[in-house]
Participant: 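Right, I'll just put the structure down here and ask away after.
The first residue in the sequence is number 1, and the count goes up from there.
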Amino acid sequence: MFAKLIERAEKFLNENNFVTNVLGKIEEKTGIQKRYLALGSVSFIGIYLVFGYGASLLCNLIGFVYPAYTSIKAIESVNKDDDTQWLTYWVVYGIFNIAEFFSDIFLFWFPFYYAGKCIFLLWCMAPISWNGSQLIYTRLVRPFFLKHQSTVDSVINDLSGRAVSAAENVTREVLHTLAHTKSCLPSEAPARPVPSASPPEPR
């Protein structure tokens, strides 16, 4: 696993993108190789997630920015396997965010919470066959979805029908109110004719 991660990291550092361009400029000025700069940056981020201020924002950026970037690349590519990979990640990411919304008030006080959250998100997006998103989707999300799919579809269709019916009723009531208000308004009085100027009487 570590060999594959190192290989993926080396491949990423050899690509032409914003991060590698910045690391390349720093390498030219300092003489430090990009791999060591990247390792130092990762170590700094790890320490900051434990002790730094704003660790929540940084952790959310790590879990969102890179997957969003690679998802756009997957959409634009011909291969559809990466589409499935990142769709699976976003499903798990959404479920995790919902669960975190209710548990964050308690987990926030753990000192290594954001570091653990970041490791979990990195595991979910890791380029390995048994990454977190694949395991969670295959073992938890998919069986639950297949078991309750018909019930969920029925509830969604029922709610959609009620929403459409409510929108139609509101629109009908608004139109009726406007028509009633217009009928109650006093009609405009007819305009009085302007008297024409009479010619002066002859003396």
Participant: Nearest 0.5 Å, what's the OG-CD1 distance between Ser77 and Ile72?
Facilitator: 12.0 Å

Participant: Suppose clustering is done on Ile, Leu, Val, Met, Phe, Trp and Tyr with side-chain heavy atoms closer than 4.5 Å. Which residues sit in the same group as Phe145?
Facilitator: Leu146

Participant: Could you grab the distance from atom CG of Asp83 to atom CD of Glu76, nearest 0.5 Å is fine?
Facilitator: 10.0 Å

Participant: State whether the side chain of Thr171 and the backbone N or O of Ala167 hold a donor-acceptor pair below 3.5 Å, judged by distance alone.
Facilitator: yes

Participant: Is Ile26 reachable from Leu39 through a run of hydrophobic residues whose side-chain heavy atoms are each under 4.5 Å from the next?
Facilitator: no

Participant: Does Thr70 use its side chain to pair, donor to acceptor, with the backbone of Pro67 at less than 3.5 Å?
Facilitator: yes

Participant: Are Phe64 and Ile95 connected, step by step, through hydrophobic side chains (Ile, Leu, Val, Met, Phe, Trp, Tyr) whose heavy atoms are closer than 4.5 Å?
Facilitator: yes

Participant: Is there a side-chain contact between Trp86 and Lys73 (heavy atoms, below 4.5 Å)?
Facilitator: no

Participant: Show me, pair by pair, the donor-acceptor contacts under 3.5 angstrom made by side chains of residues 87-94, not counting sequence neighbours?
Facilitator:
from	atom 1	to	atom 2	distance (Å)
Thr88	OG1	Thr84	O	2.7
Tyr89	OH	Gly63	O	2.6
Trp90	NE1	Ser71	OG	2.8

Participant: State, with a plain yes or no, whether a side-chain heavy atom of Leu122 is found less than 4.5 Å away from one of Ile62.
Facilitator: yes

Participant: Given a cutoff of under 4.5 Å between side-chain heavy atoms of I, L, V, M, F, W and Y, with clusters grown through shared members, what are the other residues clustered with Phe144?
Facilitator: none

Participant: Report, one line per pair, each donor and acceptor closer than 3.5 Å where one atom sits in a side chain of residues 158-166; sequence neighbours left out.
Facilitator:
from	atom 1	to	atom 2	distance (Å)
Asp158	OD2	Arg162	NE	3.3
Ser160	OG	Ile156	O	2.8

Participant: Could you pull out all residues at least two apart from Phe120 that satisfy side chain to side chain contact (heavy atoms under 4.5 Å, CB included)?
Facilitator: Phe96, Trp123, Cys124, Ile136

Participant: Under a single-linkage rule joining Ile, Leu, Val, Met, Phe, Trp and Tyr whose side-chain heavy atoms are separated by less than 4.5 Å, which residues share a cluster with Ile75?
Facilitator: none

Participant: What pair of heavy atoms forms the shortest contact from Lys117 to Glu100, and how long is it?
Facilitator: NZ-OE2, 2.8 Å

Participant: Does Val152 share a hydrophobic cluster with Tyr137, counting links as ILVMFWY side-chain heavy atoms below 4.5 Å and allowing steps through other members?
Facilitator: no

Participant: Taking all heavy atoms of Ile32 and all of Leu37, pick out the closest pair and write down the distance.
Facilitator: O-CD1, 3.7 Å

